[in-house]
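Everything quoted here is computed from the prediction, not taken from an experiment. Labels below follow one simple rule: chain letters A, B, ... track the order of the sequence lines, proteins then strands, and each chain is numbered from 1.
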2 protein chains.
Amino acid sequence: MALEHAILVSLSERPGSGYELTRRFDKSIGFFWRATHQQIYRVLKRMDDAGWVHVEHVAQDGKPDKKVYTVSAEGAAEISRWLAEPAQPTELRDELAIKLRAAHGDPDAVAAEVARHRAQHAERLALYEAMERRDFPDRDALTGPALHQFLVLRGGIGAERGFVAWCDEVLTALRRDAERGETR
Amino acid sequence: MALEHAILVSLSERPGSGYELTRRFDKSIGFFWRATHQQIYRVLKRMDDAGWVHVEHVAQDGKPDKKVYTVSAEGAAEISRWLAEPAQPTELRDELAIKLRAAHGDPDAVAAEVARHRAQHAERLALYEAMERRDFPDRDALTGPALHQFLVLRGGIGAERGFVAWCDEVLTALRRDAERGETR
DNA sequence: CGTTGCAATGCAACTCGTTGCATAGGTACT
DNA sequence: AGTACCTATGCAACGAGTTGCATTGCAACG
């Protein structure tokens, strides 16, 4: 399972509570691996039992207590082990592709869906590109962790750009197909 | 859930048994939505209970009996309903991206992983491009279902091409970063 | 004649992930 | 004073997906 490792990596960058991790998974890390607070709390507990993290109870004023998690030596060892272990290649899983295959059933509905997805991915792309400009203005100077974060973001930009381009290709082709059908 | 709909779409193209569907999910449809025989058998049963498919027991000689599933009127209606219903945008989920973020722990191991993934995705890309040449030699003449299948394949080609390009970008950047570290 | 492999279906147990709900104090708006 | 939202954690139930195993019969290999 990769969620454990995503959490370990995030905690190794900076210790935090379940709640804080949840918010990190709403952005940055979470752009490439989603998780709800439920999952995170449960996995944190399991990781604590396994000894991969240390917990520290922290009382706060004006806010409920929190549990701050830190990566233990065993946790760090687990990261190393996992880094060297080969992972399965990422598989595509796209509901839109399945809908496209059924497009003869209702071409207009599918075209509308593709247009919707195009808009959503364009929005996501714009967000990533803004992050790129804001957080990594001088890309040639990057090293270490900053470089790695930049490269992950580049992956996201590439994926979203590709998705938008594909939607455009599909929309053009569907439109041309519809016109051809009318004039025949 | 989309597996139900993927199966419905596949059965609407051509009726078949659970076993046959499993093999379809090892290729074509399965390139964009994986499923094991277990999942397929269970979902077929559920779909039968829901009345989305008809079952016909077929005795064969030299082979075990099989159950051939056909999409019912209710099933076809369900496809239409689902086509018009907006789907969630596909989310990225890439373990390699998480590993990259932890790359400072063992840069060489991560670079090796990226190289491995590059090779696997390049292989997948070559397969898709071969299918494109073999099955769709005259892309301007395509209409209807053939066009839709072609467009899905184009999506796969785009995704794999993007992945390979990203791996190359990462490998170049990691190499340059390592060299810079040495000479300093 | 024994093993391997293919065609065909299925059960059981498990992990992973989602959804709904609950609690409890604090802050901020109306 | 009431409502709504934020911080913070968690349980319980469900749905989706994986893994291991089991059965039956035929065909092909050595």
Any idea which of [options] is nearest the [X] side chain?
| X | options | value |
| --- | --- | --- |
| A:Q38 | D:dT18, D:dA12, C:dA24 | D:dA12 |
| A:H37 | C:dG17, C:dT9, D:dT9 | D:dT9 |
| B:Q60 | C:dA8, D:dT7, D:dT9 | C:dA8 |
| A:T36 | C:dT19, C:dG10, D:dT18 | C:dT19 |
| A:K67 | C:dT18, D:dG10, D:dA8 | D:dG10 |
| A:K45 | C:dA24, D:dC11, D:dG17 | D:dC11 |
| A:L3 | C:dG17, D:dA8, C:dA8 | C:dG17 |
| A:R23 | D:dT7, D:dG10, D:dG17 | D:dT7 |
| B:R46 | C:dT9, D:dT9, D:dA16 | D:dA16 |

At under 4.0 Å between heavy atoms, what does A:T22 touch on the DNA or RNA strands: base, sugar-phosphate, or nothing?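 The residue A:T22 makes no contact with any strand.
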With sugar-phosphate meaning primed atoms plus P, OP1 and OP2, does A:R34 contact a base, only sugar-phosphate, or nothing at under 4.0 Å between heavy atoms?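 Counting heavy atoms under 4.0 Å across all strands, no contact is made by A:R34.
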Hey, is A:E20 close enough to A:R14 for a salt bridge, meaning N to O under 4.0 Å?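 Looking at A:E20 and A:R14, the cut-off is not met.
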Quick one: is B:Y19 getting a side-chain N or O under 4.0 Å of the C:dT9 phosphate, OP1 or OP2?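 Answer is no, no contact under 4.0 Å.
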Is the distance from OP1 or OP2 of D:dT24 to the nearest side-chain N or O of B:K63 less than 4.0 Å?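 Indeed not, no polar side-chain atom of B:K63 lies that close.
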Just by distance, no angles: are the side chains of A:T143 and B:D177 close enough, under 3.5 Å, to form a donor-acceptor pair?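 No pair is found: no donor N or O on one side chain lies under 3.5 Å from an acceptor on the other.
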